[in-house]
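Each ligand, and each atom within it, is numbered from 1 in the order the structure gives.
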Amino acid sequence: MKQNIKDAYNKLGHEYYKARKYKKGISHFYNECLEMPTTLRLLGNVKSKKILDVGCGPGIYARILSENGAKVKGIDISKRLIEIANKEAPESEFTIGNAEELPYKDKEFDIVMSALMLGHIEDWNKIFSEIKRVLKHKGIFVFSINNPIVLKTVKRNWFFKTFDEITDYFNEGWIHSKWSGEITGQKTSTVVSEHHKTYGTIVRVILNNGFEILDYEDSKPILSSKKNYPKQYIKTINRPNFCTWKVQKK
Ligand SMILES: C[S@@+](CC[C@H](N)C(=O)[O-])C[C@H]1O[C@@H](n2cnc3c(N)ncnc32)[C@H](O)[C@@H]1O
């Protein structure tokens, strides 16, 4: 599965970045107006902090965190995205690599963050133990994922009305979705896979790996997006597409 995910991001890397930057696009709304504000809020004041961004993608977080006074390193499995990250955030240091084998020293970072990357991993234990190793004592790990409840919600039609129904929630495993022109901006499409876990499994991984939970937030769109993205705003103001967790090394 790791190879498929790496291939998908190498194939779509450029389009993914373009779509993120295109201010009228759906990706811009879901990332910049919905996921990022929640995750940045939980990251808090990053001035002078040494931060590692795991699954850093095109380096958009690295650029923002550096602008706010942090010293950022980033790692990502996609060579294509690391090439983009080097241009997006030239003051940061990026490495092509797997999140399960972090090439950093013990206790190197104050904060580790990971936005929308863990969903691509089946077993989180190796990553959590690596992140614990590279964090300083009482270091913070902030990560976002697709909200498990939303991943398992489907649309049902009933007497001319459409309802959301949670289905198959306890069945953990891979969900495959097609990323097509709407998300990537390009004509071809690619299958991107996401591993669904229940909240119970996530909490257990956090606690079993020597972290405690400090905070949690379901995503809500920023008010200023209401004007440019009225449809998406209404859809997500009552539907927590993403969630961000803030945990601390014990
Ligand atoms: C949805 S993108 C998010 C990118 C970035 N965090 C952001 O929010 O802008 C997921 C990223 O995780 C990376 N990724 C997936 N599996 C990985 C792994 N095992 N190790 C490192 N990076 C990985 C992908 O290459 C991709 O850049």
Side-chain angles (χ1 to χ4, degrees), residues 1-22 25-43 51-67 72-89 92 94-104 111-131 134 141-147 150-151 174-179 183-185 190-195 219 241-245:
M1 193 54 70
K2 204 176 295 151
Q3 186 62 39
N4 292 355
I5 287 159
K6 180 172 157 179
D7 291 346
Y9 280 102
N10 276 334
K11 181 176 171 199
L12 294 176
H14 220 80
E15 295 302 325
Y16 171 75
Y17 176 62
K18 255 181 22 202
R20 288 281 300 269
K21 291 290 225 185
Y22 177 55
I26 298 246
S27 288
H28 186 266
F29 171 78
Y30 277 96
N31 289 278
E32 272 69 8
C33 304
L34 190 56
E35 187 276 328
M36 292 187 79
T38 312
T39 300
L40 287 169
R41 200 160 37 249
L42 262 65
L43 278 163
I51 301 185
L52 172 65
D53 183 354
V54 179
C56 61
I60 296 171
Y61 267 105
R63 177 180 48 74
I64 293 171
L65 296 172
S66 301
E67 284 165 2
V72 186
K73 290 187 181 177
I75 183 165
D76 199 283
I77 204 164
S78 160
K79 179 173 179 282
R80 177 66 55 89
L81 284 171
I82 289 294
E83 284 164 5
I84 296 168
N86 276 319
K87 292 190 187 129
E88 173 76 16
S92 299
F94 296 103
T95 306
I96 303 164
N98 177 10
E100 288 164 312
E101 293 153 27
L102 297 175
Y104 305 104
I111 299 173
V112 175
M113 69 154 299
S114 186
L116 303 180
M117 190 278 300
L118 281 168
H120 294 313
I121 310 287
E122 181 166 0
D123 180 352
W124 289 5
N125 286 298
K126 184 83 184 61
I127 291 190
F128 267 71
S129 87
E130 272 296 83
I131 288 172
V134 301
F141 177 32
V142 173
F143 66 91
S144 66
I145 50 173
N146 282 306
N147 215 320
V150 173
L151 265 186
W174 290 102
I175 297 172
H176 307 286
S177 47
K178 222 181 195 179
W179 280 16
I183 294 170
T184 67
T190 294
V191 173
V192 178
S193 306
E194 172 96 21
H195 194 272
S219 65
N241 264 66
F242 305 110
C243 55
T244 303
W245 304 66

Check each atom of ligand 1 against the heavy atoms of [X] and keep those under 4.0 Å away; list them by number with element.
X	answer
Ile5	15 (C), 16 (N)
Ile121	19 (N)
Ala99	18 (C), 20 (N), 21 (C)
Tyr61	8 (O)
Gly97	20 (N), 21 (C)
Tyr16	1 (C), 2 (S), 3 (C), 4 (C)
Gly55	4 (C), 5 (C), 6 (N), 11 (C), 12 (O), 22 (N)

Test your reading of the structure: does [X] have an N or O sitting under 3.5 Å from an N or O of ligand 1?
X	result
Leu116	no
His120	no
Asp76	yes
Leu81	no
Ala115	yes

Does the side chain of Ser92 pick up a donor-acceptor pair with the side chain of Ser66 at under 3.5 Å?
->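 Yes - a donor-acceptor pair under 3.5 Å links their side chains.
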
Measuring from the heavy atoms of [X], does anything fall under 4.0 Å of ligand 1?
X	result
Arg20	yes
Gly13	no
Ile60	no

Notebook entry, point to check: What is the ring orientation for Phe242 with Tyr30, classed by angle as parallel under 30°, tilted 30 to 60°, or perpendicular over 60°?
Noted result: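 Phe242 and Tyr30: perpendicular rings.
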
| query | Between Lys87 and Glu83, is the closest basic N to carboxylate O distance under 4.0 Å? | reply |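 Salt bridge absent between Glu83 and Lys87.
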
Salt bridge or not between Lys21 and Glu88? Use side-chain N to carboxylate O under 4.0 Å.
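Salt bridge present between Lys21 and Glu88.
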
Proximity of Ser114 to ligand 1 by residue part, where a heavy atom lies under 4.0 Å:
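Neither; no heavy atom under 4.0 Å.
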
(Q) How far is atom 23 (C) of ligand 1 from the closest protein heavy atom, and which atom is that? (A)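 The closest one turns out to be Ile77 CG2, 3.5 Å.
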
**Report entry** Protein heavy-atom partner closest to atom 19 (N) of ligand 1 - residue, atom, separation in Å
**Finding:**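 Result: Asn98 OD1, 3.1 Å.
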
Checking Leu40 against Leu65 for the side chain to side chain contact (heavy atoms under 4.5 Å, CB included) test, could you report, in this order, the C-alpha distance in whole Å, the side-chain angles of both residues, the deciding distance, and whether it holds?
CA-CA 9 Å; Leu40 287 169; Leu65 296 172; 4.0 Å; yes

More than 12 heavy atoms from other groups under 6.0 Å of NE2 on His14: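 Counting other residues, nucleotides and ligands, NE2 of His14 stays at 12 neighbours or fewer.
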
- request: For Lys79, look at atom NZ and say whether over 12 heavy atoms of other residues, nucleotides or ligands are found less than 6.0 Å away.
  value: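 Open: at most 12 neighbouring heavy atoms sit under 6.0 Å from NZ of Lys79.
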
